[in-house]
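Reading through the structure tokens given below for one structure.
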Amino acid sequence: MNKNIPFILLCILIPFAHQVNSQYDYFHGQKNVFSFHINANPRFTPMLHNDDASTYDQDYDYDYGYYYNNNYQSGYGTYYIKNNEDGQTEVKKQNFNIQLNMFYGRLFKKRVLLGIDMNYQSHNMTFLHQDLAISNFKTTPLFHVVDAQLSFGLFLGKQLSPNKLLLQIQAGPKMYFLNTSKEYRDSSGEPYEDLDKYMKTENKPFTYFRLNVNYTHRILLTERISLDLGFTSNFGLFGPISPYSIISIDPGVRTDVESVKNRLGYETFRNIFYLSAGISYAF
Amino acid sequence: MKNTVKTLSIIFLSLISFLVNGQEESFDDFKTTLSEGKPPPIFTTAFEDKVKARIETATEVDEDKREHFSNSTTYSLNNLLTSGFVLYGDPMTRFVNKVADKLLENKPALKKELQFYVIKANITNALCTEPGVIFITTGLLSQIENEAQLAYVLSHEIVHYLEKHIQHSFNNSNKNELNTTDYEDMVMLSKDHEFEADANALELYHSAGYSDREINTVFDVLMYSYLSFDEITIDSSFFNNEDLFIPKSLYPEEANPILAFEDYDDSKSSHPNIRKRRDTIAEEIEKYDNWGDKTNYIEREEFIKVRDIARFESVRENILTSDYLKALYEIYILEKEFPNNEFLQTFKALAWANINQESISGNKRQITRGHSRIEGQLSLLYGLIKELSIKEIALLTIRQIEDIHQQFPESKRILDLKKESIRNLAHVRGFELNELENRSYYVAQQLFIEQQNDTIPKEEKEEVIPENESKYDRIKRIRGKQREEQTEENLNDENFWKFVLYDLAENADFIKTYEDEEEWIKEEREKEYEEEEEYTIEGDVILMAPNLSAEISGEFDVETTLLFYEYFQSGLNRYAPENRVITRDISEVENFTTEKYNQTCILTSYIVQAYNLEERNFSILMVDYEEMKNIVNEFNTPHLLLITGEYYFNKFSDKAVNGHATYINLKTGSHWSTRDYHAKYKLKKTVIEGFAHLVFSKIR
């Protein structure tokens, strides 16, 4: 995906912002919306694992030579491994995903809001709860996640835009850049000096194409500033995923490219629902 | 120099008064009544000052409710005063004041407190409002028979004021709320108050020396007030054209009976029924001795003149409110007294033209709606129009207007109406111009009889077609041929419409106007759908007072409404382009002049007329034609801006500000509305200013 796309889009949209004709069908003539949101994804999925595994089906994994229990998957996507102060790796539990969001949009045709949406998130790749059974871990990779999306929005109801209910469909690349400033350790606790050994493609982002739907309720605070409450979601994620990589297996141990990419895609799609709050400025 | 100016101004002033008197003496050039002279203080006092004055006088209302009471009553009174229908300084109001002066001769203090105005409205009513402002409707003036009857009605209303009935009603009402903008609802006094007013009115009335016999007649006036101001038989003179044949079968066999019933169930009415009032008052009358026998103190001629003005106003009012058949009937009544009156004839043409347009637009049913409930001779007209087809109405309309045009060939307005009706005819489906006969039904009938008697066969001649025959000559030639072929079938009653335009069927102007319109319709149909262009307003805009109201929990709320107005005014100051908006807001007390007031009244009438019209494809045929033209010329703009807004708030369900603005082009009658403003917010300044932004966006 071309990194210049957001820039190109900005270049196209900004001249529209200076167009003054026929801007009067809008609330106080406001045709541009700029907003800053914080999206939080609480872990609604249960984090407990089922200890009573004996009565359940056990599958033997021939690659790794041990049994695992399918029911452990209920605690999926909530644990990651971090280096502690003593230089040891340690399992951490993640309660929220936080995403920072910036949006600029321009109104057309009375209620259509076209714009670009940028998200940033710092994301720890997670691993399976049942993998806690494994004694030695590598530090799980930390990613800068950047989304740049084209947004098509509609203000709903009879209100004069931009007011109250906004429904948006957005699509664009979602890119995961490995945070190279962080220290990663192997299963014996030794830091990787050459990150290439930790993850071969550390300089290339993992790229997906993300589709999401946002719903925002704009509550007027002053003439130009509104409090926005709503939600955003991941409705679809598209990208090449290796059919041979078993995504549920020991990401705490393996950091090969395909495994990580599959894993990132899988957990992003699992985090389908974000609550969103922020402020927007219309002009 | 100074003297010359003085002399000139005296001549000028006397000329004006001569002109004014001239109009009063004769109804030939009657124009709708407008206010005259210096505006009374009630029109030029600020709302807040009126409220303050009310608080002081509302002594009967609980102290903590006084402010709310004063706000409500002042707001409602203001609504009435700014309705555009109240008159001051005109002959009718002057007459009412003279009668009031007679009644209050010995009560100078009371006289100072009271004010009397006339409202142009066809309901038969009188109203007493809180600060002692009493209104008499033109409907009442058109119905009463003499000055004494008016005196009794006035006495009745004065008692409402004296006894502070509105304040008592406010105290007695369950919720102590006056949740309405309508003064009629607000003065829903209890029946006890009505009996009290009926009885106590006798004191004033008696002391003035009026006759007790007239009191009973007042109740007759009230009882029959739903009928027109007179009841005369509709006969063949209705169409006023001897050559016009209309089959008897089209008229109902007889008029619906007049059923007025005086002992009706009054449980849901503000006033007791007439029977009860008659019985009660009869006892009260006997308590007084020495009844006078005066029916008038002021000259009878003046009363008659005032009543006639009210009756002419009634005709106008009926057209304004789309009650065209009643207008025609009242014109028919007045014609007997005022034959060849241009105003009446013009309004007759106007009523027919309107009926025609409604009928072609598919709204005929609306005109004859409620036929079975119409009582008296008027029901014959309802029956007739109901029976007529769209085509027949269109042809009869042209017939009537053509006759009126012949009577007043100089009148451009009548000529315009005639042309408009001919153009309208082209919109009638299933009508062909060549179906029309060029002779009246009676002539055709005579011809047919002669044909029957004439047994000698005619020699067949070879037809000679002249060279360079024009289109109209050709039509005439074909018609000439048709003349020879008059058949009995053609003379059936149901074909009467063919003979209606006997004199126009071959008229070149008539045919050209019709065909041009036909051509235009064809072109319009063939035109491909084009997207509407962006609408922008060039030039100035006449802004009428916005009509805003606020409801809290389903009930009208004065205080919030006032806030709504305040916020909108702030939006107006912010977004209305100063030099391009001409405000015609009667509630603006600063710079109030009678001229501005009258212009607003005329514009309001136009809006009322437009509002009452059914959906139709034709432009509005204005009631106040000359006056509107003057306004458009004076302001040099045809754009009129109307604004309405409402706010509702319900704690448990919803809240929203809704607004709507329409720009009307007074020249073409077309109108354009902004987007509906809908904001689901509480009443906030910025939300209301947003509405103002939308309203004025098109004139920037």
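Remember, predicted model here, so these are calculated numbers, not experimental data. Protein chains get the first letters and strands the later ones, always in sequence-line order, with residue 1 at the start of each.
- Without hydrogens or angle criteria, A/Lys164 side chain to B/Ala679 main chain gives no donor-acceptor distance under 3.5 Å.
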### Verdict with supporting geometry, B/Leu694 and A/Tyr26, side-chain contact (heavy atoms from CB on, under 4.5 Å)
CA-CA 7 Å; B/Leu694 178 74; A/Tyr26 307 95; over 6 Å; no

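- Of the atoms belonging to B/Lys685, not a single heavy atom falls under 4.5 Å from chain A.
- For the pair A/Lys158 and B/Tyr677, the cation-pi test (distance below 6.0 Å, angle within 45°) is failed.
- Partners of A/Phe34 under the side chain to side chain contact (heavy atoms under 4.5 Å, CB included) rule, at least two apart in sequence or in another chain, are A/Met102, A/Tyr104, A/Phe283.
- More than 12 heavy atoms of other shown residues, nucleotides or ligands fall within 6.0 angstrom of atom CZ in B/Arg574.
- Counted within 6.0 Å of CD1 on A/Ile169, heavy atoms from surrounding residues, nucleotides or ligands total 12 or fewer; the atom is thus considered open.
- Put simply, the side chain of B/Tyr681 reaches to within 4.5 Å of the side chain of A/Asn163, judged on heavy atoms.
- Enclosure of atom CD in B/Glu67 is not indicated, since only 12 or fewer non-hydrogen atoms of other residues, nucleotides or ligands lie within 6.0 angstrom.
- Relative orientation of the A/His28 and B/Tyr575 rings is tilted, given thresholds of 30° and 60° on the angle between their planes.
- No part of B/Val657 comes within reach of chain A, as not one of its non-hydrogen atoms sits under 4.5 angstrom from that chain.
- Residues passing the side-chain hydrogen bond (donor to acceptor under 3.5 Å, both in side chains) test with A/Arg224, sequence neighbours excluded: none.
- The distance from atom CG of A/Leu160 to atom CZ of B/Phe691, rounded to the nearest 0.5 Å, is 10.5 Å.
- To the nearest 0.5 Å, atoms NZ (B/Lys684) and OG1 (A/Thr222) are separated by 8.0 Å.
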